[in-house]
Amino acid sequence: MFDSVRDDLRATLDEIRAAGLHKPERVIGTPQSATVNVTAGGRPGEVLNFCANNYLGLADHPEVVAAAHEALDRWGYGMASVRFICGTQEVHKELEARLSAFLGQEDTILYSSCFDANGGVFETLLGPEDAVISDALNHASIIDGIRLSKARRFRYANRDMADLERQLKEAAEGGARRTLVVTDGVFSMDGYVAPLDEICDLADRHGAMVMVDDSHAVGFVGPGGRGTPELHGVMDRVDIITGTLGKALGGASGGYVAARAEIVALLRQRSRPYLFSNTLAPVIAAASLKVLDLLESADDLRVRLAENTALFRRRMTAEGFDILPGDHAIAPVMIGDASRAGRMAELLLERGVYVIGFSYPVVPQDRARIRVQLSAAHSTEDVNRAVDAFVAARAELDA
């Protein structure tokens, strides 16, 4: 039977390659850092890393690594169980309490990833008599999580408050018992920030709850790094925050839902990814506590990241590149054609800069881009080298 399936799969893979949409996986032989060593699938040797979510440079921070070593000795390697059976340690409860305090929420529940967190919220809280209203550019995990629920589904154009209000009115006219508005805090392909203050105003006016996936913001957006709710002054008005430990908060893995106490309590009883997935490894929980210590004790990493971001955006704009506007550390360099984006990424790797070309279906057709991500671990020299490499790669492409 599989022989015929194999032919179909190979044909599909050939089509992906022919369209310039194939996504190779390059292998690195070093810790995640501002520089990495590519060992296979690309230019060998040390290259500047401008495509990781390591916003604060904490993935190989010595204090975080030391905390992980200590936790391995104290708490062991893994829990081999789910939370409600025998998979809860003191370190998990401590991290949940610290995240709740940091994010200004009443309680927090840990997941193995933010994808699982988003997958476990909607079907637990919403039924067929309810409505969920989602931004058109929300992350795939939100889209998949919504699909698991039986709630009525509405979608509004990206950051379009007039369209959101239309959807809120339609949900109310349809007799929705509960309505939940959900948005990314920062849209990962564009670096755009959601207008959470305006969203909360509309939600209050129409009696809706607000949920934000703040994976690309917590740790470095807002005066204290508490994310887009802090940035917009609505920490007490957002009902549900989901996020990850796998980006700015150390870069390992794991996710969470920080929310009203009753929401978290129900998730502990009914959320399937929580009930049926192994507990977050204790070493990650302990290292994440050290990350929170670092975030709360100083803001030097956030300042350095902001400076690197401003420098890159300013220089690239001066060189005539099309960068989507904003001040987030996600700086998409718009290319348009998928094949050209892929080729430019290859040329940049040859020049010692590791970036990735993004194309359909990750982004819309003819909106291919190279998503550059700045880090506090980058030096000013690193940023300038990256811009110079872009200029040289473009010149070779256009030659």
Side-chain angles (χ1 to χ4, degrees), residues 16-30 32-55 57 188-192 216 305 307-399:
I16 291 171
R17 292 188 182 93
L21 304 178
H22 185 254
K23 300 165 184 63
E25 295 182 357
R26 299 186 178 112
V27 179
I28 62 176
T30 55
Q32 187 70 272
S33 188
T35 59
V36 293
N37 195 291
V38 177
T39 61
R43 174 188 183 274
E46 188 175 85
V47 293
L48 290 172
N49 185 1
F50 278 88
C51 59
N53 298 314
N54 189 25
Y55 295 112
S188 61
M189 288 299 111
D190 302 296
Y192 293 149
H216 286 276
L305 174 61
E307 290 173 348
N308 287 342
T309 299
L311 173 61
F312 181 81
R313 285 178 168 273
R314 182 172 64 251
R315 278 213 59 202
M316 289 290 284
T317 300
E319 293 289 352
F321 286 93
D322 180 10
I323 294 190
L324 294 183
D327 56 10
H328 193 272
I330 293 172
V333 181
M334 303 304 292
I335 307 299
D337 178 72
S339 296
R340 181 178 173 87
R343 178 59 181 150
M344 178 170 278
E346 292 173 0
L347 292 173
L348 284 162
L349 188 63
E350 292 173 7
R351 287 162 174 77
V353 176
Y354 182 15
V355 291
I356 296 295
F358 286 80
S359 55
Y360 181 83
V362 180
V363 296
Q365 290 276 16
D366 301 319
R367 296 284 289 170
R369 67 202 65 183
I370 292 175
R371 186 183 68 173
V372 174
Q373 291 171 276
L374 284 301
S375 171
H378 291 133
S379 67
T380 299
E381 181 185 359
D382 293 338
V383 176
N384 283 322
R385 278 183 56 196
V387 176
D388 292 343
F390 265 96
V391 172
R394 179 179 61 186
E396 181 169 341
L397 271 180
D398 293 341

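- For the side-chain hydrogen bond (donor to acceptor under 3.5 Å, both in side chains) test, residues two or more places apart in sequence or in another chain that qualify with Asn53 are Gln373.
- Ser379 meets the side-chain contact (heavy atoms from CB on, under 4.5 Å) test with Glu381, Asp382; sequence neighbours excluded.
- Taking all atoms of both residues into account, the shortest heavy-atom contact from Ala341 to Ala368 is CB-CB, 3.9 Å.
- Residues satisfying the side-chain hydrogen bond (donor to acceptor under 3.5 Å, both in side chains) criterion with Asn54, sequence neighbours excluded, are absent altogether.
- For the side-chain contact (heavy atoms from CB on, under 4.5 Å) test, residues two or more places apart in sequence or in another chain that qualify with Gln365 are Tyr360.
- The side-chain contact (heavy atoms from CB on, under 4.5 Å) test applied to Asp337 returns Ser339, Arg340, not counting sequence neighbours.
- Using modelled atom types, no side-chain atom of Asn384 and backbone atom of Ala386 make a donor-acceptor pair closer than 3.5 Å.
- Among all heavy-atom pairs drawn from Ile330 and Ser188, the shortest one is CD1-O, 3.5 Å.
- Within the structure, the salt bridge (Lys or Arg N to Asp or Glu O under 4.0 Å) test picks out the following pairs touching residues 355-371 (sequence neighbours left out): Asp190-Arg369.
- The distance from the OG1 atom of Thr317 to the CZ atom of Phe312 is 9.0 Å, given to the nearest 0.5 Å.
- Taking CD of Glu350 as the start and CD of Glu396 as the end, the distance is 6.5 Å to the nearest 0.5 Å.
- With hydrogens and angles ignored, the 3.5 Å screen pairs a side-chain donor or acceptor of His378 with a backbone N or O of Asn49.
- The two residues His328 and Gly191 come nearest to each other via the heavy atoms CB-O, 3.4 Å.
- The heavy-atom pair separating Thr30 from Val36 by the smallest distance is OG1-CA, 3.3 Å.
- Under the side-chain hydrogen bond (donor to acceptor under 3.5 Å, both in side chains) criterion, His216 pairs with Tyr55, sequence neighbours left out.
- Remark: Glu307 engages Val303 in a side-chain contact (heavy atoms from CB on, under 4.5 Å) (not counting sequence neighbours).
- Interatomic distance, Ile356 CD1 to Ile370 CD1, rounded to the nearest 0.5 Å: 9.0 Å.
- The list of salt bridge (Lys or Arg N to Asp or Glu O under 4.0 Å) pairs with a residue in residues 310-335, not counting sequence neighbours, reads Arg315-Glu319, Arg315-Asp388.
- Ala345 approaches Gly357 most closely through the heavy-atom pair CB-N, 3.9 Å.
- For residues 380-399, the set of pairs meeting the ring-ring contact (aromatic ring centres under 6.0 Å, His included) definition, not counting sequence neighbours, comprises Phe321-Phe390.
- Formation of a donor-acceptor pair under 3.5 Å by the Asn37 side chain with backbone atoms of Gly29 is not found in this model.
- Residues Arg26 and Val355 share a closest heavy-atom pair of NH1-O, 3.4 Å.
- At least one side-chain heavy atom of Phe50 sits under 4.5 Å from a side-chain heavy atom of Leu374.
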